[in-house]
Each structure stands twice: as C-alpha cells, then as structure tokens.
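Just so you know, these numbers come straight off a predicted model, no measurement behind them. Residues: numbered from 1 along the sequence shown.
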Amino acid sequence: MLTVTGLSVRYGPIKAVRDVTFTCGTGETIAIVGPNGAGKSSILNAIAGALRSGVSGEVRLESQRVSGLTPERTVKAGIALVPEGRRILSSLTVSENLRLAMGNRSRHDRAGSRRDLDEMLSRFPVLARLAARHAGTLSGGEQQQLAIARAMLSRPRVLLLDEPSLGLAPVVVNEVFNALSQLRAREISIVLVEQMALRAIAFADRGFLLRHGQIEATTGVGDGEQLIAAYFNAEVGQADVGTS
C-alpha cells in the first residue's frame with residue numbers, strides 16, 4: 001500500500017532523516033520507535049506533505065507518486081496524519097471538528113458522510129456523548145480519540161499516527177490502543193510512531209528501530225523485546241523503553 005524509498009529530510013545543514021526505505025502493506029501496522037531526535041516525526045510529516053522543504057526521496061501510495069504533494073492533496077490521495085499534540089480546533093465543538101473533516105466532500109455524498117460520521121461516533125462513543133462540548137474542554141484521551149476520528153473521516157487508506165499516547169494516563173492509553181485495534185479490523189494500513197516502544201512493537205506487525213535518522217534494525221512479531229533491549233544496550237527490564 002505505502003512504499004517509502006530513499007527518504008531524507010534536511011533542516012538547513014542538519015540531516016534529520018537519512019535514506020530511509022520501508023513498505024507498509026494493505027492492512028498492515030508498522031511501528032517506528034527510537035530515541036528523541038531520531039527523525040521519527042520528520043518521516044511522518046514528510047509522507048503526509050506537512051514537510052516538503054529539504055525533503056528528498058520518493059513516497060508512493062500503491063502506484064501513485066505522492067511525494068511533494070500539499071497536505072490537502074495527500075489527504076485526498078488517501079493518507080491521513082494524526083499529528084503529535086493532536087491539534088484539534090479547541091474553540092469548536094466536537095461535532096464541528098468532525099464535520100470540518102468532511103468539508104471537501106461533494107454535496108451529493110451527504111448519505112455517505114452521514115454514514116461515516118455515525119460509524120465514528122459508534123466507534124468512539126465518548127465523542128457522541130460530548131458532541132456539543134467545545135473540543136478544548138475535553139481530556140487528553142478524549143482529544144486523542146477526536147483526532148483519530150477526524151482523520152478517519154477523510155477515508156484514508158494509510159493512517160499515520162504520531163505519539164498517540166503522549167501525555168496520557170495508562171488507563172487512557174489502553175482506550176486509545178483499543179480504538180486502534182478496531183481500526184485494524186477495517187484493513188487500514190497504519191504507520192505508528194510511539195514513545196512506548198515495547199507496546200508499539202507488540203501492537204504492530206513489524207517494527208523499525210530508528211537512530212540518528214537511519215533504520216538500524218527491523219523486527220517482526222515475537223522478537224521485539226530482544227531487539228529493543230539490544231538497541232538501548234540494556235536488559236529489557238532495566239531499559240527506559242518508554243523514551244521516544
């Protein structure tokens with residue numbers, strides 16, 4: 001579904017991402033983990049078109065080249081980003097946030113829009129209950145669910161998630177990952193950047209360990225803990241594997 005080839009990101013003289021190549025199959029979830037400053041968010045922003053200056057390499061969605069597209073055109077192509085910090089529109093209600101996500105749809109697709117909105121409210125019942133509340137009054141976990149639902153209303157084939165557990169209590173993190181598990185059932189491809197390394201690797205079908213802007217190791221189901229431990233040069237039980 002998604003093919004990233006030779007992706008590099010430069011901020012002036014600093015090369016934050018160096019020749020990164022990976023694929024994400026249809027319905028597959030991959031996790032990108034690593035320390036702060038490794039280049040994880042830069043990869044997602046470059047794929048989503050939120051970062052274009054200083055970016056080289058190629059991104060393809062199936063056979064379509066999406067490299068260099070604006071964020072709006074990238075969304076229309078089928079890639080949606082849930083950014084770090086959520087970035088919901090706090091002065092608008094939950095309902096208004098969700099409806100804005102469907103603003104580029106045709107007026108003739110009202111039935112489809114209504115159906116999609118009802119599905120998101122069913123998957124995230126807290127949003128249905130708080131639909132009239134201003135989004136800025138929601139808890140961190142509620143805002144994260146709103147951000148995910150908003151991205152899903154663009155009907156993506158690939159969902160990019162940047163640190164969905166950031167700043168959330170453990171019980172709320174569980175709620176967010178439960179919501180993501182439901183999305184996997186729809187065979188949506190997910191690229192997950194996550195500070196909770198072990199949890200991300202356990203959740204994903206495959207994982208990539210990123211350091212200094214380069215992929216240093218890959219992992220599949222069952223061997224995540226060993227590779228994480230080796231990466232941090234410590235026993236799994238002693239390593240600070242929650243660091244992003």
Side-chain angles (χ1 to χ4, degrees), residues 1-2 24 27 29 41 43-51 61 66 69-107 109-168 172-194 203:
M1 178 62 72
L2 180 72
C24 184
T29 296
S41 294
I43 289 173
L44 294 193
N45 286 325
I47 294 172
L51 182 64
L61 184 63
V66 296
L69 296 183
T70 63
E72 293 81 7
R73 293 182 64 190
T74 303
V75 169
K76 288 182 179 179
I79 298 175
L81 170 66
V82 179
E84 181 180 348
R86 299 174 279 274
R87 299 182 193 174
I88 49 93
L89 299 173
S90 58
S91 63
L92 301 182
T93 66
V94 169
S95 179
E96 289 167 340
N97 269 270
L98 295 174
R99 292 182 183 280
L100 276 176
M102 300 183 292
N104 61 350
R105 294 194 187 183
S106 165
R107 279 182 285 178
D109 191 28
R110 288 178 178 173
S113 297
R114 181 70 252 180
R115 185 166 56 250
D116 288 350
L117 181 58
D118 287 344
E119 180 185 357
M120 285 301 104
L121 293 177
S122 175
R123 288 185 181 273
F124 301 97
V126 66
L127 301 183
R129 180 168 54 84
L130 302 175
R133 286 265 299 272
H134 283 91
T137 66
L138 271 57
S139 69
E142 292 162 351
Q143 289 185 9
Q144 187 64 72
Q145 292 180 64
L146 173 58
I148 294 171
R150 182 181 61 182
M152 288 300 301
L153 286 174
S154 68
R155 295 175 175 171
R157 289 179 285 168
V158 176
L159 182 64
L160 311 175
L161 289 152
D162 195 356
E163 304 283 16
S165 75
L166 187 65
L168 302 182
V172 181
V173 172
N174 291 337
E175 293 175 2
V176 170
F177 273 88
N178 287 339
L180 295 180
S181 295
Q182 294 181 45
L183 298 183
R184 294 178 74 172
R186 296 181 52 175
E187 295 195 347
I188 293 171
S189 302
I190 298 175
V191 181
L192 171 66
V193 162
E194 176 52 54
F203 180 78

Which atom of [X] lies closest to which atom of [Y], heavy atoms considered:
| X | Y | result |
| --- | --- | --- |
| Pro164 | Val193 | CD-O, 3.4 Å |
| Leu127 | Gln145 | CD1-O, 3.8 Å |
| Arg150 | Arg87 | NH1-O, 3.2 Å |
| Leu61 | Ala77 | CD2-O, 3.0 Å |
| Leu98 | Ala149 | CD2-CB, 3.9 Å |
| Leu89 | Ala135 | O-CB, 3.6 Å |

Pairwise distance [atom1]([X]) to [atom2]([Y]) - rounded to 0.5 angstrom:
| X | Y | atom1 | atom2 | result |
| --- | --- | --- | --- | --- |
| Gln144 | Leu180 | CD | CG | 8.0 Å |
| Leu160 | Ser41 | CG | OG | 11.0 Å |
| Leu138 | Thr93 | CG | OG1 | 10.0 Å |
| Asp116 | Leu121 | CG | CG | 11.0 Å |
| Gln182 | Ile188 | CD | CD1 | 11.5 Å |
| Arg133 | Leu92 | CZ | CG | 15.0 Å |

Pair Arg123 + Glu119: basic N to acidic O under 4.0 Å | yes
Practice item. Let me see the working for Leu183 and Ile148 under side-chain contact (heavy atoms from CB on, under 4.5 Å), right down to the final yes or no. Key: CA-CA 10 Å; Leu183 298 183; Ile148 294 171; 3.7 Å; yes
Do [X] and [Y] have side-chain heavy atoms sitting under 4.5 Å apart?
| X | Y | value |
| --- | --- | --- |
| Phe124 | Met152 | no |
| Ser154 | Val75 | yes |
| Leu192 | Leu159 | no |
| Ile43 | Val191 | no |
| Thr74 | Leu81 | no |
| Thr137 | Leu130 | no |

Between the side chain of Ser122 and the main-chain N/O of Asp118, is any donor-acceptor distance below 3.5 Å?
no
Is it the case that atom CZ in Arg73 sees more than 12 heavy atoms from other parts of the structure closer than 6.0 Å? no
Over 12 foreign heavy atoms within 6.0 Å of CD, Glu187: no
